[in-house]
2 protein chains.
Amino acid sequence: MPKRADLSDTYCPVGRSAEILGDRAVLLILRDLFFGRRRFEAIAANTGLGPQIVSARLKLLVEEGVAERHAYQERPPRHEYRLTAKGKDLFDVLYAMRNWAERWAYAEGEIGGGPAMRYVHRACGADVGTSVVCPGCGEPLRYGDLKGEPSAALKAEQAARAV
Amino acid sequence: MPKRADLSDTYCPVGRSAEILGDRAVLLILRDLFFGRRRFEAIAANTGLGPQIVSARLKLLVEEGVAERHAYQERPPRHEYRLTAKGKDLFDVLYAMRNWAERWAYAEGEIGGGPAMRYVHRACGADVGTSVVCPGCGEPLRYGDLKGEPSAALKAEQAARAV
DNA sequence: ATAGTAACTATGATAATCATAGTGACAAGA
DNA sequence: TCTTGTCACTATGATTATCATAGTTACTAT
């Protein structure tokens, strides 16, 4: 491909988001960062992406102010990546993607009754299903409000990918 | 690039969504479909994407059940694309992307005070700002609930791109 | 007969992607 | 000291998606 089209100057907000989020590698890395997977090797292993892609995308996310690179030890030099406030605010996008997939992207009985990933509202204990406001207490759901429990199928898959 | 990594068999719901949504062309086309831009040429002109990409992505969206191809006249044969229920349910994702960009992706004063795209809740008339529930009446916002008004800057840009 | 429109398909150059291997800086054990 | 191991990457080469541009099909209108 020639140079990818640049959308960073459009006035359309969806276009601006698409400039960063319209990339499968970025989405997978963001997912991992949201789940607390901060180390380069862990992200590469779990996403299945090659190290050059992980490297390039993390660099991009840092440039965009979505993530930040942080040294967690000096000798030997080791770094990890964390979401910034701007990054954490992408929660709604990733959560909406999760909700949509839970509703539409699985074959009948593929997971075995429940969702691939179950979420509970920490504040009230209710299972949130695929809602944007808690069906138990009516509060809008934000970053940090939820406790996730992967289904057995997802748990097994992640264990197989881990380093 | 070699064959793009296949994520359609992962059990992670974000991964499954990323398989379709992790592509800037798909996101731009979906945006246009949400705004009622249904014709091939109109989508190509507004997105700035080449006809092969528009063609390939629309084909993909139809295969995935997100959009459907519909003949709106017989002689000469003319077709348009519409979102299915599965496609309309992606509203939350696109709306979250819009909200995030309105909050983070514009320089100070770039638009001129207001948002790039202003949304009003049809039911109660309140400006929804960048919320997922209406700040006027507290109702969760869904597909069709909002009336959008582009800023002058966005309106000018779209007029320039139109065929 | 010529021009115009909508919805595409075809072609060739370019660049992003993947798989694989390798590097730098260090720690721990034999 | 020598070897092995870990983490965070960088380098290389084959493959293929992408872009820009031009062309096609099936008509209608003048």
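Lettering of chains follows the sequences in order, A, B, ..., and the numbering in each one begins at 1. Note that the coordinates shown come from a computational prediction; the quantities given were computed from them, not determined experimentally.
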> Quick one: which of D/dT6, C/dA6, C/dT9 gets closest to the side chain of B/P51?
C/dT9
> Regarding D/dA20, can its base be found pairing with the side chain of B/Q52 as donor and acceptor, where the two atoms are less than 3.5 Å apart?
yes
> Out of D/dA26, C/dT17, C/dT20, which has the shortest distance to the side chain of B/P77?
D/dA26
> Side chains of residues 69-76 of chain A: which donor-acceptor partners sit under 3.5 Å, not counting sequence neighbours?
{"unit_1": "A/R69", "atom_1": "NE", "unit_2": "A/Y81", "atom_2": "OH", "d": "3.3"}
{"unit_1": "A/H70", "atom_1": "ND1", "unit_2": "A/R82", "atom_2": "NH2", "d": "3.1"}
{"unit_1": "A/Q73", "atom_1": "NE2", "unit_2": "A/P76", "atom_2": "O", "d": "3.1"}

> Answer yes or no: is there a side-chain heavy-atom contact under 4.5 Å between A/V132 and A/L141?
no
> What is the distance from CD1 of A/I43 to C1' of D/dC7, rounded to the nearest Å?
13 Å
> Can you check whether A/E110 reaches B/Y11 side chain to side chain, under 4.5 Å on heavy atoms?
yes
> Would one find a side-chain N or O of A/S55 under 4.0 angstrom from OP1 or OP2 of D/dT10?
yes
> Which residues in residues 61-75 of chain B have at least one heavy atom lying under 4.0 Å from any atom of DNA chain D?
B/R75
> Please figure out whether A/R78 or B/E80 has its closest DNA chain C nucleotide nearer the 5' end.
B/E80
> Which nucleotide sits closest to the side chain of A/E41: D/dA8, C/dC8, C/dT17?
D/dA8
> Give the rounded distance in Å between these two atoms: CG of A/L49 and P of D/dC9.
15 Å
> Are the side chains of A/Y106 and A/P115 in contact, using a 4.5 Å heavy-atom criterion?
no
> Once you round it to whole Å, what is the distance between C1' of C/dC8 and CD1 of B/I29?
13 Å
> Using a cut-off of strictly less than 4.0 Å, decide whether B/K59 has a side-chain nitrogen or oxygen near OP1 or OP2 of C/dT9.
yes
> Under 4.0 Å between a side-chain N/O of A/R57 and OP1 or OP2 of C/dT17, yes or no?
yes
> Using a 3.5 Å distance criterion without hydrogens, assess whether the side chain of B/S131 forms a donor-acceptor pair with backbone atoms of B/C134.
no
> What is the separation between atom CZ on B/F40 and atom P on D/dA26, rounded to the nearest whole Å?
17 Å
> For a quick test of reading the model: is some side-chain N or O of A/R39 closer than 4.0 Å to OP1 or OP2 of D/dA8?
yes
> Round to the nearest Å and state the distance from A/I53 atom CD1 to D/dT10 atom P.
13 Å
> Can B/K155 and B/E149 be counted as an ion pair, charged N to O under 4.0 angstrom?
yes
> Round to a whole Å and report the spacing from CZ of B/R37 to P of C/dA6.
15 Å
> Using 4.0 Å as the upper bound for N to carboxylate O, is an ion pair formed by A/E102 and A/R98?
yes
> Without decimals, in angstroms, what is the distance between A/D23 CG and C/dA16 C1'?
10 Å
